[in-house]
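Heads up, the thing below is written out as structure tokens.
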Protein chains: 2
Amino acid sequence: MVTLKDVAKEAGVTATTASRALRGMDMVTPKTTHRVLAAAEKLGYRMNISAQSLRTGKSGTVTFLTAGIDGAYFSSLAMRFAAELNRQGMHMLIESSKYLLDDQGNERDMSYLFSDGIIGINAKHASKALSSHPSVLLEDYTLDSPYDQVNAPSQAGTRAAIRHLYEKGCRRIGLVGHDIPPESNPGASQQVRMLAARHECQQLGLEFDDEHSLISVPWSRDGGVEAGHRWADDRLGFDGLFCPSDGLALGVLRGLADRGVAVPQDVAVIGFDGIEDGEYSVPTLSTIAVDFTSMAQAAVALLTHRINHPDEERYPQTVTVGYRLIERESTRR
Amino acid sequence: MVTLKDVAKEAGVTATTASRALRGMDMVTPKTTHRVLAAAEKLGYRMNISAQSLRTGKSGTVTFLTAGIDGAYFSSLAMRFAAELNRQGMHMLIESSKYLLDDQGNERDMSYLFSDGIIGINAKHASKALSSHPSVLLEDYTLDSPYDQVNAPSQAGTRAAIRHLYEKGCRRIGLVGHDIPPESNPGASQQVRMLAARHECQQLGLEFDDEHSLISVPWSRDGGVEAGHRWADDRLGFDGLFCPSDGLALGVLRGLADRGVAVPQDVAVIGFDGIEDGEYSVPTLSTIAVDFTSMAQAAVALLTHRINHPDEERYPQTVTVGYRLIERESTRR
DNA sequence: GTGAAAGCGCTAACAA
DNA sequence: TTGTTAGCGCTTTCAC
């Protein structure tokens, strides 16, 4: 293994100077810098990040921490963060918080000290990890959270979705999902969206009934399928369905197709998130497209600030990104 | 920051003993171990991985290196690897090789020395990184590769897909994709699949014409849409379409839907990969479901072996995982 | 502008 | 079984 010392010797300087040159510090003579760079190239030198990290206390790495790691939503989100971090010259470690718990359900997270910060989503129970690092939470919605938050526009987006259904002539709007978040709690954003939907329906003067306006199913594609089946089998009579996630909505489309229901003629369907799949479904899916790129940028910006100014006692901040209503076939009529 | 020394002092032992206890080495008295663990817990000790890594030369981290980081296929693959690595007590760093190149297209990958190994897919141009680490390549298909490979059953799976179409009565089978891999080369597996498809068609005695049996479009969902359109607009007359990826196939379904074509009545469609989306499309998608779980397990096993036995000169090995043909609506007739 | 020395937190050898 | 010593490769004082 070729170390800094080897490079230094090759360039006829000390390790100190070589280090400075490699990092482009301008106190070093251009000539010296050049010599060092050439030596590094010649020897195929690659810096030992562990050593650097040990010395500086920074690793240039951020952990993306999530409970469930599966599904189009989480993975596409994770990929955007990886891209944004790479763009900033940082690296992303991806971690499922479920592997952080031992058999007794205790948090075993010694391995965390390595990364400079954490971007967490649905990772509340990894509190040790979060509290011992600069952390940003995604889709959290906790008021008075000790962490910076970056959220989707769940309220505004949901209300826009409901109004869209209304404008399309829907007068009996159903909500797909459920009130009580399941144990695994992919639920914070879900709850906010359900509440906002209910609120907006009432504002629009629509008949709305806590009991009968909800198709209560699990928050998943299969849950959506089930909801679609129920719409038909139980003759629920909604002319518009709001799904608080695109996964749910795509499931609904599939469930309705199973029963030969025509969308949007028999019932209009709108989702939330704006994942790519909705562009290709049959029918294509109207949705509230969340600006994930901005979410990634905002979260990384907040996090790097905290990392670089560890002593600054800035109050936790919440960023809510924008959205765009995309009308596609599932509500076009 | 609380270090090993602090823990040791609290437990009334030396750092060495504390270290051994924390790592569960059995030379340490149970009583001592217990004391150390208690001290660590009490002080909220978290190990500094950088220091450990510097000392041992291992970081417990593997880099998942991919050119394009987007799309259901790559992200779901990445997630499986993360899960498998976590299961093994390791961590996954995710890296897009495109951020590895500087403006001049030179590889700048100093940051790599940190991880113990690389799992690469479509990452051939990151050769410096690959060659300087234990590496496993996914979907590579290069003969005489210097790296261990883990591949999908592209040949066998493709032939099964073609035979399936044949058994369903298809006699004019079209292939979607293209022969010449595009510059970005997500193409190795594509080429293998196209070739195998051609071969199997000929074996079955089907009329097959290099020029007219191929719908040449980009390897993407949009490419699939285009292929669907062409099938209808150019009256290509295929009664069965083989798509070498599910993304392509889902695009085809959408493109055919745009033209009001009935699948599978007018034309049967089969994909390749087995991503979840195909369970929910309309119609649902028949596919060759690759055993991604085994891919992840095999790759991680090969890699950890190389990592733990750096001096063993084992010849590069290729693992081809299994598949299952899943018949769904798009070919059910 | 460059160098010498110290030390980040940990673990492997060796000694007791 | 436990402790002592040394050093992994790097960057940061502090001298010059």
Side-chain angles (χ1 to χ4, degrees), chain A residues 1-37 39-40 43-61 109-116 132-133 308 310, chain B residues 1-37 39-40 43-61 110-116 132-133 307-308 310:
Chain A
M1 164 182 272
V2 29
T3 74
L4 188 58
K5 234 163 153 177
D6 302 324
V7 174
K9 191 189 291 178
E10 174 78 22
V13 294
T14 49
T16 311
T17 304
S19 170
R20 294 200 261 244
L22 252 11
R23 281 174 299 149
M25 298 181 75
D26 49 8
M27 63 166 70
V28 184
T29 302
K31 217 164 80 183
T32 312
T33 301
H34 185 80
R35 261 204 342 271
V36 171
L37 260 37
L43 300 181
Y45 169 71
R46 355 215 24 258
M47 178 156 56
N48 184 320
I49 301 292
S50 300
Q52 184 184 49
S53 166
L54 173 59
R55 185 59 238 236
T56 62
K58 298 224 182 317
S59 67
T61 296
D109 57 353
M110 305 179 79
S111 27
Y112 265 139
L113 251 203
F114 166 72
S115 75
D116 297 339
S132 59
H133 287 263
N308 297 328
Chain B
M1 164 182 270
V2 29
T3 73
L4 187 58
K5 234 164 154 179
D6 301 325
V7 174
K9 191 189 291 179
E10 174 77 25
V13 294
T14 50
T16 310
T17 304
S19 170
R20 293 199 262 244
L22 252 11
R23 283 175 296 150
M25 298 180 75
D26 50 7
M27 61 168 71
V28 184
T29 302
K31 216 166 77 182
T32 312
T33 301
H34 185 78
R35 259 202 347 268
V36 171
L37 260 37
L43 300 181
Y45 169 71
R46 1 225 7 267
M47 178 157 55
N48 185 322
I49 301 293
S50 300
Q52 184 184 49
S53 166
L54 173 59
R55 182 63 236 234
T56 61
K58 298 224 183 316
S59 67
T61 297
M110 303 179 79
S111 25
Y112 265 138
L113 251 201
F114 166 71
S115 75
D116 298 340
S132 59
H133 288 262
I307 291 170
N308 297 327

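Throughout, a chain's letter reflects where its sequence line sits, starting with A, and its residues are numbered from 1.
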Query - Range-with-range stems of DNA chain C (Watson-Crick or G-U pairs under 3.5 Å, three or more in a row) - result: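 The stems are C:1-16 with D:1-16.
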
Query raised in the report: Going by atom types only, do B/T16 and B/R20 share a side-chain donor-acceptor pair under 3.5 Å?
Result: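 Short answer, no.
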
Query raised in the report: Would you say the side chains of B/T14 and B/T17 form a donor-acceptor pair under 3.5 Å?
Result: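 Yes, side-chain donor-acceptor contact under 3.5 Å.
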
Report task. Would you give the length of the straight line joining atom CG of B/N48 to atom CG of A/L54, rounded to the nearest 0.5 angstrom? Result ->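 Interatomic distance, B/N48 CG to A/L54 CG, rounded to 0.5 Å: 6.0 Å.
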
Report task. Working to the nearest 0.5 Å, report the span between OG1 of B/T56 and CG of B/D116. Result ->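 Rounded to the nearest 0.5 Å, the OG1-CG separation comes out at 8.0 Å.
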
Query - Side-chain donor/acceptor contact of B/R55 with base of D/dG9 under 3.5 Å - result: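 No such pair is found, so the answer is no.
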
Query - No-H, no-angle donor-acceptor pair, B/T16 side chain to D/dT4 base, under 3.5 Å - result: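 By the distance-only test, yes, there is a pair.
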
Atom [atom1] of [X] to atom [atom2] of [N]: distance rounded to whole Å?
X     : N      : atom1 : atom2 : answer
B/K5  : D/dG3  : NZ    : P     : 15 Å
A/D6  : D/dC8  : CG    : C1'   : 14 Å
A/L4  : D/dT12 : CG    : P     : 12 Å
A/M1  : D/dG9  : CE    : P     : 6 Å
B/I49 : C/dC8  : CD1   : P     : 18 Å
A/L54 : C/dG7  : CG    : C1'   : 9 Å
B/K9  : C/dC10 : NZ    : C1'   : 17 Å
A/N48 : D/dG7  : CG    : P     : 18 Å

**Report entry** Members of residues 23-37 of chain B that approach DNA chain C, where some heavy atom sits under 4.0 Å away
**Finding:**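 Correct list: B/R23.
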
Query raised in the report: So, does B/T29 use its side chain to make a donor-acceptor pair with the main chain of B/K31 at under 3.5 Å?
Result: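 Not at all, since once roles are kept as given, no pair shorter than 3.5 Å links the two residues.
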
**Report entry** Any donor-acceptor pair under 3.5 Å from A/R23 side chain to A/S19 backbone
**Finding:**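 Between the backbone of A/S19 and the side chain of A/R23 there is a qualifying donor-acceptor contact (under 3.5 Å).
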
Requested in this report: Taking all non-hydrogen atoms of both residues into account, name the closest pair between B/L4 and B/Y45 and its distance.
Outcome: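 B/L4 and B/Y45 have their closest heavy atoms at N-CE1, 3.4 Å.
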
Requested in this report: Applying side-chain contact (heavy atoms from CB on, under 4.5 Å), run through A/L43 and A/E10 and close with a yes or a no.
Outcome: CA-CA 9 Å; A/L43 300 181; A/E10 174 78 22; 3.9 Å; yes

Please state whether the phosphate of [N], meaning OP1 or OP2, lies under 4.0 angstrom from any side-chain nitrogen or oxygen of [X].
X     : N      : answer
B/T56 : C/dT11 : no
A/T3  : D/dG9  : no
B/T14 : D/dG3  : yes

Query - Whichever of B/A18 and A/Q52 has its nearest DNA chain D nucleotide further upstream toward 5' - result: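 Of the two residues, B/A18 wins.
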
**Report entry** Worked verdict on A/T32 versus A/M27 for side-chain contact (heavy atoms from CB on, under 4.5 Å)
**Finding:** CA-CA 10 Å; A/T32 312; A/M27 63 166 70; over 6 Å; no

Requested in this report: For residues B/R35 and B/V13, determine if any side-chain heavy atom of one lies less than 4.5 Å from a side-chain heavy atom of the other.
Outcome: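 Side chain of B/R35 against side chain of B/V13, heavy atoms only: contact under 4.5 Å found.
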
**Report entry** Out of C/dG3, D/dC10, C/dT11, whichever nucleotide has its closest atom nearest the side chain of A/R20
**Finding:**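 That would be C/dG3.
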
